[in-house]
Structures are given as structure tokens and as C-alpha cells.
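What follows is a short report on a single structure.
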Amino acid sequence: MAADSSSPARTVPVLVPTPSERPYTYAVSAGVTVRPGSIVQVPLGPRLVPGIVWDAPEGGADEVDPKKLRPIEQAFDCPPVPAGMRRFIDWVARYTLSAPGMVARMVLRAPAAFDPEPPTPGLRITDGRPQRMTAARERVLELAEDGLAWTRSGLAHAAGVSLSVVDGLVKAGSFETIDLPPQPVVAAPDPEFGEGELSPDQQSAADDLRAVVEKGGFSATLLEGVTGSGKTEVYFEAVAAALDKGRQVLVLLPEIALTHAFLERFHARFGAPPAEWHSDLAPKTRERVWRQAADGRVRVVAGARSALFLPFCDLGLIVVDEEHDPAYKQEDRVFYNARDMAVVRAHLGGFPIVLASATPSVETRHNAEAGRYRHVTLDRRFAEAALPDLRAIDMRRTPPARGKFLSPPLQAEIGKTLERGEQALLFLNRRGYAPLTLCRVCGHRFECPDCSSWLVEHRFRGQLMCHHCGHHEPVPEACPQCGTLDHLVACGPGIERIAEEVVGRFPDARAIVLSSDMMGGVKRLRLELEAIAEGQADIVIGTQLVAKGHNFPNLTLVGVVDADLGLASGDPRAAERTFQLLSQVTGRAGRTGKKSLGLIQTYQPEHPAMKAIVTGDGEAFYASQIAERERGQLPPFGRLAAVIVSANTRAEAEAYGRALRAAAPPAGDIMVLGPAEAPLALIRGRHRFRLLVHGTERADLQTYLRRTIAAAPKPRGSVRVSLDIDPQSFL
DNA sequence: AGCACGCCGACT
DNA sequence: GTCGGCGTGCTC
């Protein structure tokens with residue numbers, strides 16, 4: 001049907017970054033060309049915002065009051081968001097019960113990337129020669145004499161001179177400035193560059209993955225192999241296969257800012273690093289990566305979970321490394337698990353996905369066992385040499401001295417390790433000096449004024465700090481309640497306190513503390529890690545972050561100070577988490593074939609997670625965990641959603657929680673539990689209550705929650721409701 | 001989500 | 001008398 005030329009301005013739906021359930025409608029002025037996926041700038045209230053032209057709804061476009069209709073301000077000259085990505089945005093919005101615009105907002109978070117990249121300023125040699133010639137100037141001119149264009153810094157670097165030499169030659173008229181085409185943010189990876197020898201076991205796994213990629217189409221594969229079995233090299237072959245097909249690849253990593261080692265291995269295999277994508281990217285780089293993922297110049301992105309929302313033009317493979325890692329779960333604004341959404345992305349895009357882990361999540365293991373995912377296993381035997389000898393230390397039998405935290409057997413092994421000139425790592429997942437400080441006289445406990453949590457003493461900084469908000473205060477000399485001087489007592493250990501104990505016990509050893517709150521940030525941390533790898537420390541005391549993929553070749557002892565820490569919550573997922581974390585951290589030892597040892601201090605050596613670690617029998621552990629989940633109808637045998645109600649007062653939050661509960665319609669396959677005070681009942685001055693919606697495997701939680709919210713009264717005052725489908729915590 | 005509008009407390 | 005707190009409502 002021909003368009004009526006006399007009709008009013010053409011309109012299109014545009015997804016804008018608001019919580020609106022539907023796209024808004026905008027007029028398209030003459031001369032503006034847009035199609036679904038086009039990124040546009042539109043007026044929204046008093047400001048201009050980016051938006052994505054959406055697909056016309058099936059039932060025809062929405063009727064909009066013509067008085068409200070405003071025109072698209074400009075269509076950006078950039079590749080449109082592909083249809084597969086648009087379907088993905090819709091899918092994520094529906095699944096997570098977020099507004100599509102808020103999901104689109106995650107795609108559009110590279111503000112300046114929508115305009116074409118400006119040309120790179122370049123230099124080309126001219127006939128002019130400077131009056132004064134110097135050795136440095138000669139080197140520069142010699143390099144450039146073939147007439148090819150150079151960047152200013154590239155030329156200076158190649159000639160081994162400072163920028164001022166180049167600038168001087170420009171001033172002298174020996175170079176003219178020209179426009180170079182925008183530079184790629186990384187060089188193209190070469191699939192054949194560093195093809196190396198794989199073990200027979202790796203080779204057959206790699207062949208399998210290659211075949212899957214070559215065949216194309218959707219498939220999900222769990223690549224399971226213990227630490228040291230060479231999973232990364234195996235999935236690199238899948239990456240190579242996708243590159244051979246000319247497709248783009250996304251490798252998701254948990255907390256990429258710290259995975260320097262991965263980038264180096266990638267570089268060694270492909271002759272160029274992947275493009276990085278994470279929150280502390282420089283804005284300029286961020287912009288270029290976004291743009292070049294969209295136009296296809298970037299072939300491989302290694303990124304944190306938000307990389308899932310990059311507008312790749314031809315994505316053909318996703319790898320999720322350490323697929324079990326809790327860092328994949330985003331818990332603000334849009335609540336999503338990047339691992340699960342990655343599977344959806346692959347499904348919608350019709351391409352394969354590989355989930356890699358030494359200790360898969362119970363959900364993924366179950367999917368593999370049920371045949372929904374393919375299962376490729378790297379044989380444990382080939383990694384045997386790289387595995388430490390693991391033992392539990394029963395803290396009831398060999399307790400540490402009073403006020404100390406290292407048991408005699410662990411101390412003895414540290415001593416032996418030092419004597420051999422090797423390194424020891426002590427792992428404790430708790431920052432600071434002590435998690436609780438109290439007054440010995442009156443019993444006063446230091447609490448955060450805005451959160452329901454103890455203040456953690458950080459002796460190094462002389463502060464009491466809240467780990468849930470920014471609150472911190474100097475450690476006082478007198479108790480604020482009873483005024484008694486010098487009677488504050490630290491309860492329990494943090495890594496600073498372990499460091500103190502280590503220094504007292506091994507005064508000649510070089511000890512170093514590594515934790516995420518270290519001053520100096522990521523850069524400093526990386527330097528510290530390199531220093532450790534080079535052997536500039538004897539004992540490393542670290543939190544969580546030492547568990548992640550760093551290789552310290554001389555490390556032969558790992559001591560877990562408090563293996564029971566993660567089990568305290570009583571969450572059904574705690575055992576699994578403990579198993580995963582302890583596997584990862586003990587795997588830091590012995591990556592070079594030296595005999596190595598992992599010692600696990602625990603008060604419950606009979607716990608299935610401890611037994612699984614010590615015996616290396618993950619199979620029995622997974623079987624027991626899966627059985628337990630099945631019994632409780634917990635994921636993946638049932639479905640869970642959490643509803644978090646927060647408000648400025650406890651009463652408001654609780655009242656609205658009750659109102660929601662009352663509004664929840666009866667359903668045969670869904671149960672509502674709560675409201676109960678959330679695990680952290682007060683965060684940043686906001687009181688929180690939680691409802692848990694528990695359904696059968698087939699239950700439609702989304703529709704149920706939609707109905708419940710619609711039936712409940714509108715939240716008033718400071719009350720906010722957020723929905724978390726598939727929450728991390730089952731409590 | 002942002003942003004403006006609007007109505008009540010302490011100060012240039 | 002104003003500046004500024006954040007509750008309420010709206011954005012095609």
C-alpha cells in the first residue's frame with residue numbers, strides 16, 4: 001500500500017532511556033532517514049537524549065496526541081543496532097521485568113560514539129628540510145622518507161626521539177599534517193599466529209569446539225576442566241575458528257580490570273590483544289571500542305558483563321570464562337545474570353556459546369547433564385602435575401594460639417616453604433584488620449550509622465569503615481559510650497591482622513597484603529602482582545582477588561585461613577560457592593610442576609564442600625548439590641524471584657511489603673514468602689524488606705509478578721520496589 | 001532515569 | 001525576605 005503523501009509527518013517508535021514500558025513515538029522530518037535500529041537524538045522533556053528507532057509494533061503504531069509529538073532531532077551517522085540485538089533488548093527487558101528503554105540505555109552508554117570517529121591527525125614528509133640538522137632529526141626524516149604517513153607519537157616512538165623533535169620538524173616545515181583514517185583500537189587478531197602444541201586431551205576438546213563453530217547455528221557447550229588443564233588454550237581454538245569464518249567474538253570475563261594475564265595469553269596466541277571493555281576504560285577508548293564493535297573493525301572483545309550489550313555487527317561466538325563466577329550477576333537497575341543472558345544472546349543470534357569453568361555452577365552442570373548443553377571435559381590426568389596436594393586442617397584438633405588465627409600445622413608448612421625459598425599465599429576473604437570492634441568495659445559495638453553492619457577496623461588507615469557504604473571514621477581512643485580509654489578490642493581476623501601475625505611469626509619474610517581496597521587502585525595492584533610473580537615477596541596475604549587467574553610460578557603453598565566464612569549465611573548456595581572459591585584459590589599453587597600444597601583451616605572438615613575440595617571428587621559433590629536442589633525445588637528445578645522493597649523508614653518498607661504480599665493472587669504453582677527483613681536490613685540509610693517468589697520449573701514468574709505489582713497500591717513516599725529474577729541468594 | 005515544579009525550614 | 005531540601009509527576 002502506497003503511503004499517503006498528504007498524511008501528517010511520518011512517525012516511528014523510538015526507545016528512549018526512561019522506565020517507560022513502551023517506545024515513544026517521534027516524527028521524522030523531511031530529509032531525515034531512519035530505519036529500525038538507527039540511533040537518533042530526540043528531545044525528551046527539557047533535554048536531548050539518544051534513542052534507538054524501534055520496530056513497528058504488530059498491531060500498528062501507538063496513537064499519540066499530536067500536540068505531544070516532537071521530531072527526531074538528528075539521526076547519527078553510525079551503524080544501526082542489528083535486529084538480533086534489538087530482539088535481545090526486548091528479551092532481556094521481558095525476562096528481568098525491566099523497561100526496554102532501561103535495557104537500551106545499557107547499549108547506548110558510550111555517549112560520544114555515535115558520531116563518526118574523527119580522522120587521526122597524521123604527518124607526511126615534505127621537501128622542506130630544517131636549517132639546523134641534528135642526529136635525532138635525521139633519524140626521524142630517514143624513517144619517513146618513503147612518503148608514508150605517520151602519527152606524531154608513532155613516529156617519535158619509532159625513531160626513538162621525544163615528541164618535541166617531531167614537533168620541531170613540523171614547525172620547520174619538513175612535515176605536513178594530513179588526515180589519517182581513524183585508527184583501529186587494536187590490531188586484527190591472526191587466527192594462525194601462535195598455534196601451539198596442545199595435549200591430546202586439549203586437542204580433542206579443541207577439535208570438538210572448532211567443529212561446533214564451523215557448523216554454526218546455536219549450541220551451548222560447557223567446557224569443564226580443572227585448574228591447569230588448559231581450558232583457555234582450548235577455547236582459543238573456538239575463537240580462531242570463529243575468526244576464520246570472519247565472525248566477531250566476545251569473551252566474557254569476571255572483573256576484567258584484573259585479568260592482565262588473560263590479555264597476554266591472548267596476545268601470544270593471536271598476535272594482538274583483544275579489545276577490552278569494562279567500567280574503568282578511558283572514555284576515549286571506550287568510545288572507539290563501541291564504535292568499532294559496531295562497524296566490525298574490532299574482531300574480538302574481552303569484557304566484563306556489560307560487554308554483552310555492545311552492538312556487535314556480526315557476533316558469531318561468545319565464550320563465558322569462569323561461568324560460575326558471581327560477578328556475572330548485576331544487581332542494580334536492571335538485575336541480570338550475564339552468563340544466562342549470554343546464552344540467550346547466542347540463541348537469538350543463532351551462534352554457539354562456550355561456558356568454561358573448573359567448577360561450573362550447579363545450574364550449568366544440570367543443563368549439561370540433562371543434555372541441554374553439550375559437555376566437553378578436559379581429562380583431569382593431564383592436569384595432575386599442576387594440582388596441589390590438598391588437606392584440611394581441623395581447627396578443633398589443632399587450634400591456633402589464643403588471639404591468633406594460624407594453626408600450628410599451617411605455620412609449620414609456611415616455615416618449610418620459606419626455607420625452600422618458595423612462596424606462600426594466605427587467603428582470607430575479609431578486608432581490613434578486624435570485622436568487629438567492641439569496648440571491653442561496656443560492650444559497645446561500632447556500627448555503621450547508615451547500614452546494619454559492623455564497622456571494620458582498617459588499622460593501616462586508622463579508620464573504622466563500613467563495607468556497604470562510604471562511611472568511615474577515625475578509630476577513637478576512648479569508647480564513645482562509656483568514655484573508657486584504651487579498652488577497645490578487635491574481634492575476629494581480617495587480612496591486615498593475619499599480616500600482623502605473619503610478621504610476628506616470620507619476621508624475616510617479606511610479606512605483602514593484597515586487597516581490592518588497596519590505595520593506588522588497579523594500576524598499583526597490577527604492579528604488586530608482577531612484583532610477586534618475580535619473586536619479590538615470600539608471603540602473600542590476600543582477599544578474593546588473589547583467587548583470580550594470576551600465576552605466581554614460585555608459589556607452592558596456599559593456606560585458607562577461614563574456609564568456613566562463606567558457609568555462615570546458611571544459604572543453600574553457600575556450599576557451592578565455597579567449593580568454587582576454594583578450588584580457585586588452592587589452584588594458585590603449583591602451576592609450574594613443583595610439588596605444592598593447599599591447607600584449608602576449617603572447623604567443619606566433614607562439610608561436603610571441604611570433603612570435595614580435599615578429595616578432588618567434584619562429581620559426588622555436584623551430585624549431592626543437585627539432589628539437594630531438586631528436593632527443595634530450588635533452581636534449576638524450580639524458579640525464584642526476589643522482590644526488594646526499600647524505604648526511608650523500616651515501617652514504610654515493611655508495610656509496603658505486606659501490601660504486595662496481600663496483592664499477590666493465589667496460584668497453584670507459585671508461592672510467595674515474606675516479607676522478611678532483607679539480609680542487610682539497612683543499607684545507606686534505606687530499610688529493606690524482601691519477598692521471595694518461589695515457583696515450579698514451569699511457572700511463569702514474570703506474568704505473576706506483573707499482576708501482583710499491578711494489583712498492589714502505588715508505592716508512596718520513599719518506597720521503591722526492585723525485582724530480581726533468579727537472585728543469587730536463595731534465602 | 002533525569003529533570004522541573006512546588007511547597008516548607010535556616011540564612012547570605 | 002531568599003536559598004535549598006526532597007516529594008510528585010512527566011517525558012512521545
Side-chain angles (χ1 to χ4, degrees), chain A residues 7-30 32-76 81 86 89-90 92-94 96-114 279 306 309 330-336 450 469 644-653 655-656 659 683-687 709-710 712-724:
Chain A
S7 67
R10 190 166 76 93
T11 63
V12 288
V14 176
L15 213 48
V16 285
T18 72
S20 160
E21 282 303 311
R22 337 199 82 267
Y24 285 170
T25 306
Y26 283 87
V28 184
S29 317
V32 175
T33 318
V34 294
R35 55 184 165 122
S38 296
I39 297 182
V40 293
Q41 180 122 59
V42 292
L44 182 70
R47 66 212 164 108
L48 288 174
V49 295
I52 307 172
V53 174
W54 219 239
D55 305 77
E58 272 172 36
D62 287 3
E63 285 297 315
V64 174
D65 180 353
K67 284 198 282 296
K68 284 188 172 180
L69 192 66
R70 297 168 79 182
I72 289 173
E73 176 86 10
Q74 108 172 258
F76 287 105
V81 176
R86 302 201 298 275
I89 293 170
D90 278 333
V92 172
R94 280 206 355 241
T96 62
L97 291 167
S98 340
M102 297 312 286
V103 181
R105 187 172 167 274
M106 301 196 285
V107 178
L108 297 173
R109 249 185 296 171
F114 313 137
S279 54
S306 61
F309 294 95
Q330 168 147 77
E331 286 179 340
D332 57 76
R333 296 185 167 115
V334 180
F335 288 58
Y336 68 94
D450 301 323
C469 69
I644 298 120
V645 181
S646 66
N648 288 344
T649 66
R650 191 181 181 281
E652 274 182 292
Y656 192 75
I683 297 185
R684 294 170 186 273
R686 292 191 57 87
H687 296 261
I709 303 260
K714 258 183 80 179
R716 302 232 121 247
S718 64
V719 175
R720 299 282 176 279
V721 176
S722 46
L723 301 173
D724 183 0

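By convention in this document, chain letters (A, B, ...) are assigned in the order of the sequence lines, proteins followed by strands, and residues within each chain are numbered from 1. Predicted model, so just to flag it, every value in this text is computed and none were measured.
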Atom [atom1] of [X] and atom [atom2] of [N]: how far apart are they, to the nearest Å?
{"X": "A/Arg22", "N": "C/dC12", "atom1": "CZ", "atom2": "C1'", "result": "12 Å"}
{"X": "A/Leu69", "N": "C/dT11", "atom1": "CG", "atom2": "C1'", "result": "13 Å"}
{"X": "A/Asn648", "N": "C/dC6", "atom1": "CG", "atom2": "P", "result": "10 Å"}
{"X": "A/Ile72", "N": "C/dC12", "atom1": "CD1", "atom2": "C1'", "result": "11 Å"}
{"X": "A/Glu21", "N": "C/dT11", "atom1": "CD", "atom2": "P", "result": "16 Å"}

Among A/Ile709, A/Ile644, A/Thr96, side chain to side chain contact (heavy atoms under 4.5 Å, CB included) partner for A/Leu723: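 Single side chain to side chain contact (heavy atoms under 4.5 Å, CB included) partner of A/Leu723 among A/Ile709, A/Ile644, A/Thr96: A/Ile709.
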Sugar-phosphate only, base, or nothing, as touched by A/Gly717 at under 4.0 Å among non-hydrogen atoms: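 If one applies the 4.0 Å heavy-atom cut-off, A/Gly717 turns out to touch the sugar-phosphate alone, with no base involved.
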Nearest 0.5 angstrom please: [X] [atom1] to [Y] [atom2], how far?
{"X": "A/Leu69", "Y": "A/Lys67", "atom1": "CG", "atom2": "NZ", "result": "12.0 Å"}
{"X": "A/Ile72", "Y": "A/Ser29", "atom1": "CD1", "atom2": "OG", "result": "7.5 Å"}
{"X": "A/Arg94", "Y": "A/Ile89", "atom1": "CZ", "atom2": "CD1", "result": "14.0 Å"}

Using nucleotides 1-4 of chain B, report all nitrogen or oxygen pairs with the protein that are shorter than 3.5 Å.
| unit_1 | atom_1 | unit_2 | atom_2 | d |
| --- | --- | --- | --- | --- |
| B/dA1 | O3' | A/Arg105 | NH2 | 3.3 |

Aromatic ring pairing A/Phe114/A/Phe76, orientation class (parallel under 30°, perpendicular over 60°, tilted between):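 If you compare the ring of A/Phe114 with that of A/Phe76, the planes turn out tilted.
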Exercise: do A/Ser20 and A/Thr18 side chains pair donor with acceptor under 3.5 Å: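 Absent: no donor and acceptor within the cut-off.
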